[in-house]
S.K.: 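Below you will find the structure I want to go over with you.
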Amino acid sequence: MDRVVPQDAARLLRDARRVVVFTGAGMSAESGVPTFRDDLTGLWARFDAQQLATAEAFHADPDLVWGWYEWRRSRVRRAAPNPGHLAVAAIQARVPQATVVTQNVDDLHERAGTRAPIHLHGSLFAPRCVAAAAHPASFPDAEDGDAPEPGEGRRIPPPRCVSCRALVRPGVVWFGEALPEAALTAAVDAAAGCDVLLTVGTSGVVYPAAEVPRIAARSGAAVIQVNPVPTPLDRVAAVNLRGTAAEVLPALVASAFEATEAS
Ligand code: BV8
């Protein structure tokens, strides 16, 4: 059965001139990319993601952490954008001023056609050197396509930077690390100036990213939340759509935009 979304969410989106779409790991769940809430498996089962996603974990055991990121990168490369990602790109195509802000480190928004998503926590596809210069590093296997897919739970020694021989690290923001200043400023400015903020698939507990929907609400925007379960963002949402990204977002876009095109 086609999902019917509360008409007020569709009307809010249809009437908005400036929209921010704020996404978390739940956005990519239906593409088969595990969320941070999902238990880790294999070699990493004895950790929780917050322990592994740190500079300390990487320096304590680079092969373990690099192996985790290489496994995640291979999962993303084999994944496809889901209907939710396509619906977000459709929103950006229809709303005069639409900004996509993501906490995710995958490239599924880009592959679904979203232009210039703001990555608050970096990317699995932007490795960099651990040296202070933090110059970009390339994947040694990027050129040869037949590099073996890293198996789950494998330890993989990180490559060395071709410029200075220091270790290469994932180009993500670890816990305890500052977010990229330009990305955070752009996200906060967009949230402070939008009419509607659509938050999708986030538990809303990791800061300072979790401030973004709260800034929008404090600035008078209507917050619409898409999540199958309640989260701390329920309190700031004007509308809570209980469901998954791949189900709710296409229905919301159809209800907001196709109806006008039909009428
Ligand atoms: C920092 C990259 C300081 C790595 C990630 C207050 C202010 C500032 C900081 C803090 C603060 N309080 C505490 C802190 C410290 C910390 C923090 O927030 N801790 C939390 C746990 C309390 N923050 C930091 O450390 C940040 N840095 O503050 O630095 C500083 C300042 C200056 C100078 C030096 C230092 C850095 C945080 C970034 C960490 N990196 N990712 C990687 O990916 O490996 S965070 C990572 O976890 C994700 O990117 C994401 O942001 C977060 C997980 O959150 P979600 O995306 O919400 O995903 P989650 O799995 O939790 O939830 C999924 C949701 O989807 C669920 O609600 C589920 O119901 C829903 N869902 C499931 N399926 C679906 C679905 N929804 C829709 N459809 C579905 N199908």
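Just so you know, ligand 1 is whichever comes first in the structure, and atom 1 is the first atom listed for that ligand.
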S.K.: Measure from atom 50 (C) of ligand 1 to every heavy atom in M27, Q103, Q225, E247 and give the option owning the shortest one.
M.R.: Q103

S.K.: To check your reading of the model: name the closest protein heavy atom to atom 8 (C) of ligand 1, its residue, and the distance in Å.
M.R.: Y207 CB, 3.7 Å

S.K.: Under 3.5 Å between some N or O of ligand 1 and some N or O of N227?
M.R.: yes

S.K.: Return the residue, atom name and 0.1 Å-rounded distance of the protein heavy atom closest to atom 2 (C) of ligand 1.
M.R.: V173 O, 3.2 Å

S.K.: Can you name the atoms of ligand 1, numbered from 1 with element, that are less than 4.0 Å from a heavy atom of G24?
M.R.: 56 (O)

S.K.: Can we say R169 and E70 salt-bridge, meaning some charged N sits less than 4.0 Å from an Asp/Glu carboxylate O?
M.R.: no

S.K.: Please confirm whether A209 comes under 4.0 Å of ligand 1, counting heavy atoms of the residue only.
M.R.: no

S.K.: Find out whether I224 and L197 are in side-chain contact, i.e. whether some heavy atom of one side chain is under 4.5 Å from a heavy atom of the other.
M.R.: no

S.K.: Just need the protein heavy atom nearest to atom 32 (C) of ligand 1, so name the residue and atom and give the distance.
M.R.: A178 CB, 3.7 Å

S.K.: Looking at R242 and D234, is there a salt bridge between them, counting it only when a charged N and a carboxylate O are closer than 4.0 Å?
M.R.: yes

S.K.: Once you round to the nearest 0.5 Å, how far does CZ of F22 lie from OG1 of T99?
M.R.: 13.0 Å

S.K.: If you take the nearest heavy atom of each of R72, E177, E211, which one is closest to atom 29 (O) of ligand 1?
M.R.: E177

S.K.: What distance do S219 atom OG and D195 atom CG have between them, rounded to the nearest 0.5 Å?
M.R.: 11.5 Å

S.K.: Can you find an N or O of V105 that's nearer than 3.5 Å to an N or O of ligand 1?
M.R.: no

S.K.: Could E258 and R94 be called an ion pair, given the rule that one side-chain N must be under 4.0 Å from one carboxylate O?
M.R.: yes

S.K.: How far is atom 71 (N) of ligand 1 from its nearest protein heavy atom, and which residue and atom name does that atom have?
M.R.: G26 CA, 3.6 Å

S.K.: Determine all donor-acceptor pairs shorter than 3.5 Å in which one atom belongs to a side chain in residues 179-187; sequence neighbours excluded.
M.R.:
| from | atom 1 | to | atom 2 | distance (Å) |
| --- | --- | --- | --- | --- |
| T185 | OG1 | E181 | O | 2.9 |

S.K.: Considering the heavy atoms of Y69, write down every atom of ligand 1 situated less than 4.0 Å from one of them.
M.R.: 4 (C), 42 (C), 44 (O)

S.K.: Identify, by atom number and element, the atoms of ligand 1 in contact range of A53, meaning under 4.0 Å from any of its heavy atoms.
M.R.: 44 (O)

S.K.: Specify side chain, backbone, both or neither for L120, according to which of its non-hydrogen atoms lie closer than 4.0 Å to ligand 1.
M.R.: neither

S.K.: Give me the residue, atom name and distance of the protein heavy atom closest to atom 47 (O) of ligand 1.
M.R.: F36 CD2, 3.5 Å

S.K.: Find all atoms of ligand 1 within a distance of less than 4.0 Å from any non-hydrogen atom belonging to E30, and give their numbers and elements.
M.R.: 78 (N), 79 (C), 80 (N)

S.K.: What is the closest protein heavy atom to atom 52 (C) of ligand 1, and at what distance does it sit?
M.R.: V206 CG2, 3.5 Å

S.K.: Among protein heavy atoms, which sits nearest to atom 61 (O) of ligand 1, and what does the distance come to when rounded to 0.1 Å?
M.R.: R37 NE, 2.5 Å

S.K.: Should you measure from each heavy atom of S203, which atoms of ligand 1 turn up under 4.0 Å away?
M.R.: 54 (O), 55 (P), 57 (O), 59 (P), 61 (O), 62 (O), 64 (C), 67 (O)

S.K.: Side-chain contact test, heavy atoms from C-beta onward, threshold under 4.5 Å: evaluate it for W66 versus P159 and give yes or no.
M.R.: yes

S.K.: Could you pull out, from A245, G176, P228, the option with a heavy atom nearest to atom 35 (C) of ligand 1?
M.R.: G176

S.K.: For Q50, take its heavy atoms, then give the atoms of ligand 1 lying under 4.0 Å from any of them.
M.R.: 21 (C)

S.K.: Counting each atom of ligand 1 from 1 as listed, which ones have a heavy atom of V229 under 4.0 Å away?
M.R.: 69 (O)

S.K.: Would you mind reporting whether T23 and V101 have side-chain heavy atoms less than 4.5 Å apart?
M.R.: no

S.K.: Under 3.5 Å, side chain of H119 to main-chain N/O of N104, donor-acceptor pair present?
M.R.: yes

S.K.: Any N or O on H121 sitting closer than 3.5 Å to an N or O of ligand 1?
M.R.: yes

S.K.: Could you name the option among A210, G204, A25, P208 that has the heavy atom nearest to atom 56 (O) of ligand 1?
M.R.: A25

S.K.: So do the side chains of F58 and L64 get within less than 4.5 Å of each other, counting heavy atoms only?
M.R.: no

S.K.: Output yes when the distance from some N or O of ligand 1 to some N or O of V172 is under 3.5 Å, and no in every other case.
M.R.: no

S.K.: If a pair satisfies ring pair (Phe, Tyr, Trp, His ring centres under 6.0 Å) and one of its residues is in residues 77-102, list it, with sequence neighbours excluded.
M.R.: H85-H109

S.K.: Is there a side-chain hydrogen bond (donor to acceptor under 3.5 Å, both in side chains) between S203 and T231 once you walk through the steps?
M.R.: CA-CA 6 Å; S203 47; T231 75; over 6 Å; no

S.K.: Which ligand 1 atoms, with their elements, are less than 4.0 angstrom from a heavy-atom of A29?
M.R.: 73 (N), 80 (N)

S.K.: What residue and atom, counting heavy atoms only, is the protein's closest point to atom 22 (C) of ligand 1, and at what distance?
M.R.: V205 O, 3.6 Å

S.K.: Any chance you could lay out the salt bridge (Lys or Arg N to Asp or Glu O under 4.0 Å) test for D106 and R75, step after step, and finish with the verdict?
M.R.: CA-CA 10 Å; D106 63 50; R75 288 289 297 265; over 6 Å; no

S.K.: Might you check, step by step, whether the distance between atom 13 (C) of ligand 1 and some protein heavy atom is under 4.0 Å?
M.R.: no

S.K.: May I ask you to establish whether R73 and W71 are in a cation-pi arrangement, using a distance under 6.0 Å from NZ or CZ to the six-membered ring centre and at most 45° from the ring axis?
M.R.: no

S.K.: Less than 4.0 Å between atom 24 (C) of ligand 1 and some protein heavy atom, yes or no?
M.R.: yes

S.K.: Ignoring hydrogens and angles, tell me if any N or O in the side chain of Q51 forms a donor-acceptor pair with the backbone of D48 under 3.5 Å.
M.R.: yes

